Engineer: 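Just passing along the structure, written as structure tokens.
Just so we're clear, the structure is a prediction, and the values are computed from it rather than from any experiment. All residue numbers refer to positions in the sequence shown, counting from 1.
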Amino acid sequence: MPKQKIGYIEKINQEKNPGINERFRYLESNYTRRIGPRSDTVHSKIFYRSLDYEEVESNTRIMKKNPRLILVTEPFFVDDELRERVTNWVKWANQADPKDLDPWHGLINSKED
């Protein structure tokens with residue numbers, strides 16, 4: 001059985017990164033779980049700090065129970081089904097109109113008009 005990996009959808013700030021055309025990027029990596037007397041953490045090279053195992057597991061359950069929900073900027077454990085769903089969403093989101101992704105898109109600036 002292959003080792004499960006950890007995944008993350010990064011939201012790219014295009015104002016700070018004008019050379020990058022994508023708005024979202026999917027990252028995936030191996031991880032190491034460390035169980036101690038007071039903690040249960042996950043370590044991966046794509047994160048600067050250790051993550052709480054239960055939080056990552058909870059994010060994974062949320063996405064698996066809700067097939068129409070994709071968590072952005074939250075880590076989750078990846079299997080083949082979830083990997084396919086997430087990569088398809090990232091492809092769609094990078095081509096979609098920003099209004100389709102964010103219900104508040106344009107509302108802040110529209111008050112100034």
Engineer: I need the S50 OG to R33 CZ distance, nearest 0.5 Å.
Structural biologist: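 So the gap between those two atoms works out to 13.5 Å.
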Engineer: Give, for atom CD1 of I62 and atom CD of E74, the distance between the pair rounded to the nearest 0.5 Å.
Structural biologist: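 I62 atom CD1 to E74 atom CD measures 8.5 Å (nearest 0.5 Å).
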Engineer: Could you grab the distance from atom OH of Y8 to atom CG of N59, nearest 0.5 Å is fine?
Structural biologist: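 Separation between the atoms: 11.0 Å.
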Engineer: Check whether any side-chain heavy atom of I70 lies under 4.5 Å from a side-chain heavy atom of M63, and answer yes or no.
Structural biologist: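 Side-chain contact under 4.5 Å: yes.
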Engineer: What's the verdict on salt bridge (charged side-chain N to carboxylate O under 4.0 Å, His left out) for K64 and D79, showing C-alpha distance, side-chain angles and the deciding distance?
Structural biologist: CA-CA 10 Å; K64 288 204 157 279; D79 61 11; 2.5 Å; yes
Engineer: Could you measure the distance from the CD atom of Q4 to the CG atom of D80? Nearest 0.5 Å is fine.
Structural biologist: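 One gets 10.0 Å once the value is rounded to the nearest 0.5 Å.
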Engineer: Under a 4.5 Å cut-off applied to non-hydrogen side-chain atoms, are V42 and T32 in contact?
Structural biologist: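 A side-chain contact is absent here, since even the closest heavy-atom pair is not under 4.5 Å.
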Engineer: May I ask you to check whether Y53 and F77 place their ring centers less than 6.0 Å from one another?
Structural biologist: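 Yes - the distance between ring centres of Y53 and F77 falls below the 6.0 Å cut-off.
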Engineer: Taking the side chain as every heavy atom from C-beta outward, state whether R34 and D40 have any pair of such atoms under 4.5 Å apart.
Structural biologist: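 In short, these two side chains do not touch, never coming nearer than 4.5 Å.
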Engineer: Can you check whether G7's main-chain N or O pairs, donor with acceptor, with R83's side chain at less than 3.5 Å?
Structural biologist: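 Such a contact is absent between R83 side chain and G7 backbone.
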Engineer: Is the number of heavy atoms from other residues, nucleotides or ligands within 6.0 Å of CG (N13) greater than 12?
Structural biologist: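 Yes, enclosed.
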Engineer: Please check: side-chain N/O of T41 versus main-chain N/O of L51, any donor-acceptor pairing under 3.5 Å?
Structural biologist: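 Judged by distance alone, no pair lies under 3.5 Å.
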Engineer: May I ask whether L69 and V78 are part of the same hydrophobic cluster, defined by side-chain heavy atoms of I, L, V, M, F, W, Y residues being less than 4.5 angstrom apart, directly or through others?
Structural biologist: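 Yes.
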Engineer: Apply the test side chain to side chain contact (heavy atoms under 4.5 Å, CB included) to residues V86 and F76: give CA-CA distance (whole Å), side-chain angles for both, the deciding distance (0.1 Å), then the verdict.
Structural biologist: CA-CA 11 Å; V86 168; F76 52 89; 3.9 Å; yes
Engineer: Under 3.5 Å, side chain of R23 to main-chain N/O of A96, donor-acceptor pair present?
Structural biologist: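 Present.
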Engineer: Quick one: do I12 and V72 end up in the same hydrophobic cluster if we chain Ile, Leu, Val, Met, Phe, Trp and Tyr together by side-chain heavy atoms under 4.5 Å apart?
Structural biologist: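 No.
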Engineer: How about CD on E57, more than 12 heavy atoms from neighbouring residues, nucleotides or ligands closer than 6.0 Å, or not?
Structural biologist: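 Check passes, neighbour count above 12.
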Engineer: Hey, quick one: are I46 and V56 part of the same hydrophobic cluster, counting side-chain heavy atoms closer than 4.5 Å, chains of contacts allowed?
Structural biologist: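 Shared cluster, yes.
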Engineer: If you take all heavy atoms of F24 and V90, which pair is closest and at what distance?
Structural biologist: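 Shortest heavy-atom separation between F24 and V90 comes out as O-CG1, 3.7 Å.
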Engineer: Answer whether the closest heavy-atom distance between the side chains of I6 and L27 falls below 4.5 Å.
Structural biologist: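 Of all side-chain heavy-atom pairs linking L27 with I6, none is under 4.5 Å.
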Engineer: Whether the side chain of S39 engages the backbone of I35 through a donor-acceptor N/O pair (distance < 3.5 Å, no angle test) should be reported.
Structural biologist: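 No.
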Engineer: For residues 86-95, which residue pairs pass the side-chain hydrogen bond (donor to acceptor under 3.5 Å, both in side chains) check, not counting sequence neighbours?
Structural biologist: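 Listed once each, the pairs would be none.
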Engineer: For the NZ atom of K5 and the OG atom of S29, what is their distance to the nearest 0.5 Å?
Structural biologist: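 Between atom NZ of K5 and atom OG of S29 there are 7.0 Å.
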